[in-house]
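Chain naming here is simple, since letters A, B, ... match the order of the sequence lines and numbering starts at 1 in each.
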Amino acid sequence: MKLPLRGGKFCHGVPSPMRLSRLVTHTSKESSRSEVSLNAQLLTRAGYVSRLMAGVYQFLPLGLRVLTRIENIIREEMNALGGQEILMPTLHPREPWAKTGRWDTLDVLYRLSSEGGVVAPGTACDLALGPTHEEIVTPLVAGFVHSYRDLPTVVYQIQTKFRNEPRPKSGLLRGREFRMKDMYSFHTNQDDLDDFYNRAVVAYRRVYERCGLGDRTLLTYASGGSFSRYSHEFQTLTPYGEDTIYRIPDTELAINREIVGDLDAVRDIIPGYKPGDEKMLQEHKAIEVGNIFKLVTRFSDPFGATYTDRDGERCPIIMGTYGMGPSRLMGAIVECLSDDHGMIWPESVAPYRVGLINLKPGAADVDALGADLEQRLAAIGIETLYDDRTESAGVKFADMDLLGLPWQVIVGPRGLAKGVVEVKKRADGQRQEISVESLLSHFTGG
RNA sequence: CGGGGCGUGGCGCAGUCUGGUAGCGCGCAAGUUUUGGGAACUUGAGGCCGCGGGUUCGAAUCCCGCCGCCCCGACCA
């Protein structure tokens with residue numbers, strides 16, 4: 001049994017290793033009655049997140065570590081694509097939203113009044129909380145782009161977004177406040193946009209692959225806007241998904257229900273498609289974990305975002321937009337990768353790689369072995385959560401299964417007498433007795 | 001925004017119909033016995049029964065209003 005190395009050190013201030021006896025959160029046997037979705041039940045029972053109000057969650061130490069890891073994977077892939085990370089404000093003035101018309105048409109937009117006090121119906125509002133950032137990023141980037149030499153250019157941010165969903169639900173899958181990576185690309189022409197768009201598809205696939213959802217995430221044709229026939233969604237197959245999609249057999253492609261009735265559109269996607277062929281499409285429930293879209297000049301027109309080409313002509317900048325929700329992705333991973341005992345995190349996003357279980361705290365020799373292993377795992381860079389609590393063995397096994405760390409290392413008097421510890425792989429439950437030395441060398445890949 | 005359901009110690013629930021000293025399980029604290037898959041017993045702490053008004057000698061319970069939460073639907077760059 002090999003314990004593969006994972007690249008990338010964890011990068012915020014949570015000490016590693018951590019002891020369960022010191023962790024601010026606790027597990028719970030029962031989940032809140034008002035949490036119905038699997039992801040919210042497991043995440044709250046395990047103490048990863050806590051709900052503040054409908055559609056708004058707080059991320060606790062374990063949950064924040066997962067979220068940060070997901071965001072770092074996204075960050076790496078967007079950087080590799082040539083994206084430059086920025087951070088735009090959450091608080092927006094009314095004016096750019098009015099300019100594109102979305103102040104009045106985007107009903108999930110939170111509108112505020114800077115006059116303060118209660119915003120009653122009919123009150124003049126002059127601020128918004130950002131649900132997406134086309135209105136902000138377009139004038140921002142246009143201010144730096146004057147020549148075709150400045151293009152293409154790509155910026156992105158990872159940030160908390162606000163949408164006043166009429167009905168938040170399904171835990172992290174549909175919140176009013178949520179994390180979003182939003183990227184915007186700027187081009188001189190449609191071909192260049194198309195080329196970048198296609199490379200973004202590949203980068204998105206890499207993100208889902210690295211998050212453990214690659215084999216069940218489909219590129220899905222969805223309705224387009226006025227400048228392109230389709231947008232593309234990335235849909236992760238799960239029975240708990242909110243969307244209905246139709247998979248094209250023998251491909252990694254699907255068609256969203258919203259356009260599957262449009263015969264012309266489907267023929268465009270599947271050449272030779274005829275009425276009656278619907279039965280070849282397999283219906284699935286899925287969660288949208290990404291959405292990419294060719295904006296073309298939808299936003300550069302209202303803002304007058306132009307560049308000067310080789311001939312000295314002023315031309316509109318051609319744009320694309322690329323969204324992905326890290327917090328929703330986190331919920332999707334839980335929905336897809338869990339069993340009756342709890343969550344099963346892929347190594348790439350797990351809050352800790354190893355859960356170290358001391359079965360008999362208080363026994364000097366077991367405590368000594370536990371502390372020694374804790375230190376030696378830390379020394380070789382294995383992030384470890386040490387269960388040093390005085391709880392029964394059953395409680396500890398159940399809790400560690402619920403927490404879903406990829407590996408469990410179990411130390412107890414029985415193994416100690418034989419000079420071994422046990423290693424359990426959470427994903428398949430396989431256990432193996434192993435000496436301390438070979439345990440460490442497995443973790444270092446030796 | 002329509003339809004339905006629910007608010008009772010930290011969590012999960014009973015009690016509401018038929019008004020009369022607020023209960024159970026889990027968790028928490030202390031103790032004893034346990035100790036490799038959610039241990040047992042004993043003792044204990046912890047409640048403006050969502051909020052406001054009303055009826056009544058008396059309201060968790062009945063009436064009116066409000067707030068919050070969940071589910072189904074509508075909606076979902």
Side-chain angles (χ1 to χ4, degrees), chain A residues 25-37 40-41 44-45 47 50-56 97 100-102 105-109 130-135 137 161 163-171 173-176 178 180 182-184 222-228 230-233 241-244 256-258 287-288 290-295 298-299 319-325 328 340-342 357-363 366 387 389-403 408 410-418 420-422 424 429 431 433:
Chain A
T25 57
H26 303 286
T27 59
S28 152
K29 267 192 274 194
E30 293 167 310
S31 64
S32 163
R33 179 180 44 148
S34 56
E35 291 292 11
V36 171
S37 68
Q41 280 196 11
T44 54
R45 276 187 56 210
S50 164
R51 194 182 61 203
L52 179 62
M53 59 181 189
V56 179
W97 287 94
T100 61
R102 291 165 111 192
T105 59
L106 191 61
D107 50 10
V108 296
L109 186 67
T132 178
H133 278 64
E134 285 84 4
E135 274 79 355
V137 77
K161 292 285 197 284
R163 289 184 189 178
N164 194 5
E165 292 285 344
R167 186 182 158 203
K169 60 174 187 175
S170 305
L173 299 186
R174 186 168 178 193
R176 294 193 285 179
F178 55 96
M180 181 162 151
D182 46 321
M183 181 165 71
Y184 307 90
S223 62
S226 36
F227 293 94
S228 66
Y230 321 109
S231 68
H232 288 94
E233 297 167 343
E242 298 188 317
D243 288 4
T244 302
N256 195 302
R257 179 168 60 183
E258 65 190 15
I287 303 170
E288 181 194 330
N291 186 201
I292 62 177
F293 207 97
K294 294 175 183 175
L295 297 171
R298 166 68 178 86
F299 291 91
M319 292 178 57
T321 182
Y322 314 82
M324 182 185 283
R328 174 180 278 192
D340 292 343
H341 300 287
I357 300 177
N358 181 338
L359 283 181
K360 193 166 185 177
V366 182
D387 188 352
R389 300 171 304 165
T390 51
E391 291 287 348
S392 72
V395 168
K396 293 186 165 200
F397 289 136
D399 275 352
M400 201 57 84
D401 284 350
L402 173 65
L403 291 172
Q408 297 173 15
I410 301 153
V411 302
R414 190 186 288 177
L416 191 67
K418 291 192 284 185
V420 299
V421 298
E422 270 176 84
K424 174 179 154 180
R431 284 173 182 244
E433 292 191 336

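- Atom C1' of nucleotide B:rC69 and atom CE of A:Met53 are separated by 13 Å, given to the nearest angstrom.
- Side chain A:Arg431 to base B:rG37: a donor-acceptor pair is found below 3.5 Å.
- If you check every strand for non-hydrogen atoms under 4.0 Å, A:Ala393 touches sugar and phosphate atoms only.
- With contacts defined as side-chain heavy-atom distances shorter than 4.5 Å, the pair A:Phe178/A:Arg163 qualifies.
- When both distances must be under 3.5 Å, the Watson-Crick or G-U wobble mate of B:rC11 is B:rG25.
- Taking the side chain as every heavy atom from C-beta outward, A:Arg298 and A:Glu134 never approach each other to under 4.5 Å.
- A residue-by-residue look at A:Arg328 and A:Gly55 shows that A:Gly55 has its nearest nucleotide of RNA chain B further toward the 5' end.
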Query raised in the report: Base, backbone or nothing for each nucleotide of nucleotides 10-16 of chain B, written B, S, -, heavy atoms under 4.0 angstrom, 5' to 3'?
Result: -BSS---

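- Rounded to whole Å, the P atom of B:rC11 lies 29 Å from the corresponding atom of B:rC64.
- If you take CD of A:Gln408 and P of B:rG37, they are 14 Å apart, rounded to a whole angstrom.
- Among the nucleotides B:rA77, B:rC75, B:rG37, the one closest to the side chain of A:Arg163 is B:rA77.
- One atom, OH of A:Tyr230, and another, C1' of B:rA77, lie 19 Å apart when rounded to the nearest Å.
- Base pairing of B:rC69 is made with B:rG5, judged by Watson-Crick or G-U wobble geometry with both donor-acceptor distances under 3.5 Å.
- Comparing the same atom, C1', in B:rA77 and in B:rG68 gives a spacing of 30 Å after rounding to whole Å.
- Once rounded to the nearest 0.5 Å, the distance linking CZ of A:Arg45 with CD of A:Glu30 reads 9.0 Å.
- When both distances must be under 3.5 Å, the Watson-Crick or G-U wobble mate of B:rU55 does not exist.
- On a pure distance criterion of 3.5 Å, a polar donor-acceptor pair joins the side chain of A:Arg102 and the base of B:rA77.
- Remark: A:Ser223 OG to A:Arg257 CZ distance equals 13.0 Å, nearest 0.5 Å.
- Minimum interatomic distance between A:Gln41 and A:Ser31 (heavy atoms only, all atoms of both residues): CD-OG, 3.4 Å.
- Nearest heavy-atom pair across A:Ala40 and A:Glu35 is CB-OE1, 3.1 Å.
- A:Val36 comes within 4.0 angstrom of the backbone, heavy atoms only, and of no base.
- What separates CD of A:Glu165 from P of B:rA74 is a distance of 15 Å, to the nearest Å.
- A gap of 34 Å separates the C1' atoms of B:rA74 and B:rU16, to the nearest Å.
- The listed nucleotides are B:rA77, B:rG38, B:rG37; the one nearest the side chain of A:Leu295 is B:rA77.
- A:His133 places a side-chain heavy atom less than 4.5 Å from the side chain of A:Lys161.
- Pairing partner, B:rA39: B:rU33, with both Watson-Crick or wobble hydrogen-bond distances short of 3.5 Å.
- Look at CZ on A:Phe397: it is 12 Å from P on B:rA39, rounded to the nearest Å.
- Distance check on atom P: B:rG65 versus B:rG58 gives 23 Å, rounded to whole Å.
- In this structure, A:Asn291 and A:Ser231 approach most closely via the heavy-atom pair ND2-OG, 3.6 Å.
- Here A:Arg51 lies in heavy-atom contact (under 4.0 Å) with sugar-phosphate atoms only.
- In this structure, the CD atom of A:Gln41 is 12 Å from the C1' atom of B:rC70, given to the nearest Å.
- Checking B:rA77, B:rG37, B:rC72 against the side-chain heavy atoms of A:Asn291 singles out B:rA77 as nearest.
- Rounded to a whole angstrom, the distance from the P atom of B:rC70 to that of B:rU33 is 48 Å.
- Counting all heavy atoms, side chain and backbone alike, A:Arg102 lies closest to A:Leu109 at O-CD2, 4.2 Å.
- Of all non-hydrogen atoms in A:Leu106 and A:Pro131, the two that sit nearest each other are CD2-CG, 3.8 Å.
- Look at CG on A:Asp399: it is 11 Å from P on B:rA39, rounded to the nearest Å.
- Donor-acceptor pairing under 3.5 Å, judged by distance alone, is absent between the side chain of A:Arg167 and the base of B:rC70.
- Mapping A:Val411 and A:Arg174 onto RNA chain B by nearest heavy atom places A:Val411 at the nucleotide closer to the 5' end.
- Between the P atoms of B:rC17 and B:rG4, the separation comes to 22 Å (whole Å).
- With a 3.5 Å ceiling on both atom-pair distances, B:rA74 lacks any Watson-Crick or G-U wobble partner.
- The side chain of A:Pro166 approaches B:rC75 more closely than any other nucleotide in the set B:rA77, B:rG27, B:rC75.
- Taking each heavy atom of A:Pro413 and A:Val366 in turn, the nearest pair found is N-CG2, 3.9 Å.
- Look at the C1' atom in both B:rG5 and B:rG9: the space between them is 24 Å, to the nearest Å.
- With both ends at atom P, the span from B:rG25 to B:rC41 equals 10 Å, rounded to whole Å.
- Nucleic acid contact for A:Gly412: base, since at least one base atom lies under 4.0 Å from a heavy atom of the residue.
- Heavy atoms of A:Asp243 sit nowhere under 4.0 angstrom from any nucleic acid atom.
- At whole-Å resolution of the value, CG in A:Asp340 and P in B:rG38 are 16 Å apart.
- For the pair A:Ser392 and B:rA39, the criterion of a side-chain N or O lying under 4.0 Å from OP1 or OP2 is met.
- Candidate nucleotides B:rC71, B:rC69, B:rA77 were compared by shortest atom distance to the side chain of A:Lys169, and B:rC71 ranks first.
- Pair check for B:rG47 finds none; no Watson-Crick or G-U wobble contact set falls under 3.5 Å.
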